[in-house]
2 protein chains.
Amino acid sequence: MNDLREPLKQLATCGLPQALEVMGERWSFMILRAAFNGLVHFEEFSAELGIARNILSGRLGRLVENGVMARIRSQEDRRKVEYRLTEKGLDLLPAMLALRQWGERYGTGIATNPVLVDARDGLPIARITIRAADGRELTWQDLAWQDSARLGQSVKKG
Amino acid sequence: MNDLREPLKQLATCGLPQALEVMGERWSFMILRAAFNGLVHFEEFSAELGIARNILSGRLGRLVENGVMARIRSQEDRRKVEYRLTEKGLDLLPAMLALRQWGERYGTGIATNPVLVDARDGLPIARITIRAADGRELTWQDLAWQDSARLGQSVKKG
DNA sequence: GCAATAGAGTTTCTAATAACAACCTATACC
DNA sequence: GGTATAGGTTGTTATTAGAAACTCTATTGC
C-alpha cells in the first residue's frame with residue numbers, strides 16, 4: 001500500500017476541476033463517445049442516447065460553448081447541423097479511453113464493440129498507462145507528489 | 001428514467017457507462033483526487049472539498065459500495081475511520097490524470113501543484129497518450145473502429 | 001407552386017434528484 | 001464530563017431529467 005508515502009494534506013490545485021466543469025455533467029461523456037463513434041446530427045445523438053431533446057440541446061450547446069465541439073451547418077442540406085469534435089474535443093480521447101478501459105475491466109463483463117484499433121495493423125490499442133518522461137511504465141508505487149517549486153530536486157519516498 | 005446503467009441499444013457497447021455509473025457524479029472525481037493526495041478521514045475530505053456532510057457521506061458510501069474505496073476503522077483511535085483507495089480505485093489514476101492534464105492544457109492556466117513525479121528521478125510524468133500494442137504513440141488519425149468479431153482483419157478508417 | 005415531411009431545436013409542465021445549511025446522535029477517547 | 005469523529009435528519013432550494021407539443025426553416029414529392 002501507500003503507507004510509506006508521506007501524505008500531503010494541503011490544498012491541491014490542478015486542472016481537474018476545470019475539466020469537470022466541462023465534462024463532469026451526466027451525459028457529456030456519453031455524447032463525446034457517440035461523437036467519436038462518428039455521430040454528427042442531433043437526431044443521431046437523440047436516437048443513440050435516448051436522452052430528452054431539451055437536455056441534449058443544452059449539453060450540445062454547452063460542449064460547443066466550451067470549444068469541445070463545433071456546430072456546423074451542413075452544405076448539402078441546410079436543415080441539418082453537424083456537431084464535430086474540435087481539436088480540444090479530440091484531445092479528450094485518452095481520458096475517455098482510460099475511463100472506458102477501467103469500466104470494462106471492473107464492470108460486468110460486457111463485450112465491448114466496436115473496438116478501437118491501430119489502423120496500420122488492425123490490432124487493438126494498448127491499455128492507457130502512466131509513463132515516465134523516458135517512456136518507462138509507472139505504477140502508483142513508483143510515483144510521488146512534488147511541490148512544483150522544487151521540481152528536479154531529489155524526492156523522498158518515505 | 002433512462003439512466004446510465006441500462007445497456008445501450010444501438011451503436012456501441014463499452015465500459016464507459018459502467019465507469020460513469022461509479023465515477024460520473026459531481027464530486028466523485030474530486031474525492032478521488034483528494035484520496036490520491038493522501039487524505040483518508042471524513043473531516044479531511046470535508047475540509048478540503050467544502051462539500052455538504054450528507055452528500056460527502058453519500059458519495060463515500062457509494063465509492064465503498066462500488067469497491068473504489070475501503071472503509072477501515074482506525075486501530076489507534078476507534079472513532080476514526082479511514083477511507084483508502086482499493087486496487088480498483090488506484091486503477092483510476094490514468095483516467096484521472098488524463099482528465100486533469102486535459103483541464104490543465106485547455107483551462108485558464110492555473111499552475112498545478114503538487115505535481116506527480118517519477119520517484120526515481122523526480123521528473124514529472126509524461127502526458128497520458130494512446131499507444132499501439134507495440135508501444136508506438138497513436139493519434140486519432142491513426143485509429144479505426146473495428147467490429148470485435150473481425151479483429152485482426154483489414155481495417156478501413158471511418 | 002404547394003402540401004407534406006424532416007431536422008433541429010424551444011417551450012411548457014412535471015417529477016426526481018442533488019445540493020446545502022443547520023442541527024442532532026452515537027461512540028470513543030481524555 | 002467534555003470533546004473529537006463520523007455521520008444521520010430535516011427542511012429548503014436549485015438543478016436535472018423527461019414527455020409532449022410547438023416552432024421554424026429547408027427539402028422533397030406531386
Side-chain angles (χ1 to χ4, degrees), chain A residues 7 9 17 20-35 38-66 68-85, chain B residues 1-11 17 20-32 34-35 38-66 68-85:
Chain A
K9 295 167 183 175
L20 292 175
E21 180 86 18
V22 179
M23 296 304 298
E25 286 163 310
R26 189 158 168 194
W27 289 101
S28 303
F29 263 106
M30 293 298 286
I31 292 172
L32 191 82
R33 188 194 68 161
L39 276 61
V40 291
H41 297 300
F42 187 94
E43 300 295 338
E44 289 176 333
F45 289 109
S46 176
E48 164 88 4
L49 301 173
I51 177 177
R53 304 175 70 78
N54 54 348
I55 303 298
L56 176 58
S57 175
R59 286 289 168 282
L60 285 171
R62 199 165 154 65
L63 290 173
V64 169
E65 239 179 67
N66 285 299
V68 172
M69 303 187 91
R71 187 183 188 282
I72 301 155
R73 291 218 98 92
S74 166
Q75 286 303 91
E76 309 89 61
D77 185 339
R78 278 222 253 277
R79 288 171 303 183
K80 292 191 179 179
V81 170
E82 293 179 1
Y83 291 95
R84 292 198 174 276
L85 290 164
Chain B
M1 123 143 118
N2 195 337
D3 77 356
L4 295 177
R5 69 204 82 181
E6 287 176 357
L8 282 181
K9 303 134 198 172
Q10 300 191 2
L11 254 173
L20 291 175
E21 204 208 317
V22 179
M23 297 304 299
E25 285 161 311
R26 189 162 167 190
W27 290 100
S28 304
F29 263 105
M30 293 298 285
I31 292 172
L32 191 83
L39 275 59
V40 291
H41 297 301
F42 187 92
E43 300 295 336
E44 290 175 334
F45 289 109
S46 176
E48 164 89 5
L49 302 172
I51 176 177
R53 305 175 70 79
N54 55 346
I55 304 297
L56 176 59
S57 174
R59 285 291 167 279
L60 285 172
R62 200 165 153 66
L63 290 173
V64 169
E65 237 179 69
N66 285 298
V68 171
M69 302 186 91
R71 187 183 190 282
I72 301 156
R73 290 216 101 92
S74 167
Q75 286 302 94
E76 309 90 60
D77 185 338
R78 281 261 164 66
R79 289 170 302 182
K80 290 193 181 181
V81 170
E82 294 178 1
Y83 292 95
R84 292 198 173 273
L85 290 164

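So you know, we letter chains A, B, ... as the sequences are listed, proteins then strands, and number each from 1.
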Task: Spacing of B:Lys80 atom NZ relative to C:dA26 atom C1', expressed in whole Å - done: 18 Å
Open item on the list: Between B:Asn66 (side chain only) and B:Val68 (backbone N and O only), is there a donor and an acceptor less than 3.5 Å apart?
Closed with: no
Open item on the list: Check the phosphate of D:dA17 against A:Trp27, side-chain N and O only, distance under 4.0 Å to OP1 or OP2. Yes or no?
Closed with: yes
Open item on the list: Under 4.0 Å, heavy atom to any atom of DNA chain D: which of residues 52-59 of chain B qualify?
Closed with: B:Arg53, B:Asn54, B:Ser57
- [ ] Look at the side chain of A:His41 and the backbone N and O of A:Lys80, then say whether any donor-acceptor pair between them is shorter than 3.5 Å.
- [x] no
Task: With sequence neighbours excluded, residues passing salt bridge (Lys or Arg N to Asp or Glu O under 4.0 Å) with A:Glu82 - done: A:Arg84
TODO: Rounded to the nearest angstrom, tell me the gap between atom CG in B:Leu39 and atom P in D:dA6.
DONE: 11 Å
- [ ] Test A:Leu32 against A:Leu85 for side-chain contact (heavy atoms from CB on, under 4.5 Å), laying out the working first.
- [x] CA-CA 8 Å; A:Leu32 191 82; A:Leu85 290 164; 3.6 Å; yes
- [ ] Nearest whole angstrom, please: distance from the C1' of C:dA8 to the OH of A:Tyr83.
- [x] 7 Å
- [ ] Answer yes or no: does a side-chain N or O of B:His41 lie under 4.0 Å from OP1 or OP2 of D:dT5?
- [x] no
Task: Side chain of B:Glu43 (C-beta onward), nearest among C:dA8, C:dC20, D:dA6 - done: D:dA6
TODO: Could you tell me which residues satisfy salt bridge (Lys or Arg N to Asp or Glu O under 4.0 Å) with A:Arg78, sequence neighbours excluded, listed by chain and number?
DONE: none
Task: Counterpart residues, side-chain hydrogen bond (donor to acceptor under 3.5 Å, both in side chains), relative to B:Glu43 (two or more places apart) - done: B:Arg53
Open item on the list: Can you list everything that forms a side-chain hydrogen bond (donor to acceptor under 3.5 Å, both in side chains) with A:Arg62? Sequence neighbours excluded, please.
Closed with: A:Glu25
Open item on the list: Nearest whole Å is fine: how far is D:dA6 C1' from B:Ile51 CD1?
Closed with: 15 Å
TODO: Would you confirm whether B:Glu44, through its side chain, and B:Val40, through its main-chain N or O, come within 3.5 Å as a donor-acceptor pair?
DONE: yes
- [ ] Starting at atom CD of A:Glu82, determine the distance to atom P of C:dG7, rounded to an integer number of angstrom.
- [x] 13 Å
TODO: Starting at atom CG of B:Leu60, determine the distance to atom C1' of D:dG7, rounded to an integer number of angstrom.
DONE: 10 Å
Show each protein N/O and nucleotides 24-28 of chain D N/O combination with a separation under 3.5 Å, one pair to a line.
from, atom 1, to, atom 2, distance (Å)
D:dA26, O3', A:Arg78, N, 3.4
D:dT27, OP1, A:Arg78, N, 2.9

Task: Integer-rounded Å distance: D:dG18 P and A:Leu49 CG - done: 10 Å
TODO: For B:Phe45 and D:dA6, give me the distance from atom CZ to atom P, rounded to whole Å.
DONE: 10 Å
- [ ] Please test B:Leu56 against B:Phe42 for side-chain contact (heavy atoms from CB on, under 4.5 Å), starting from the C-alpha separation and ending with a verdict.
- [x] CA-CA 8 Å; B:Leu56 176 59; B:Phe42 187 92; 3.9 Å; yes
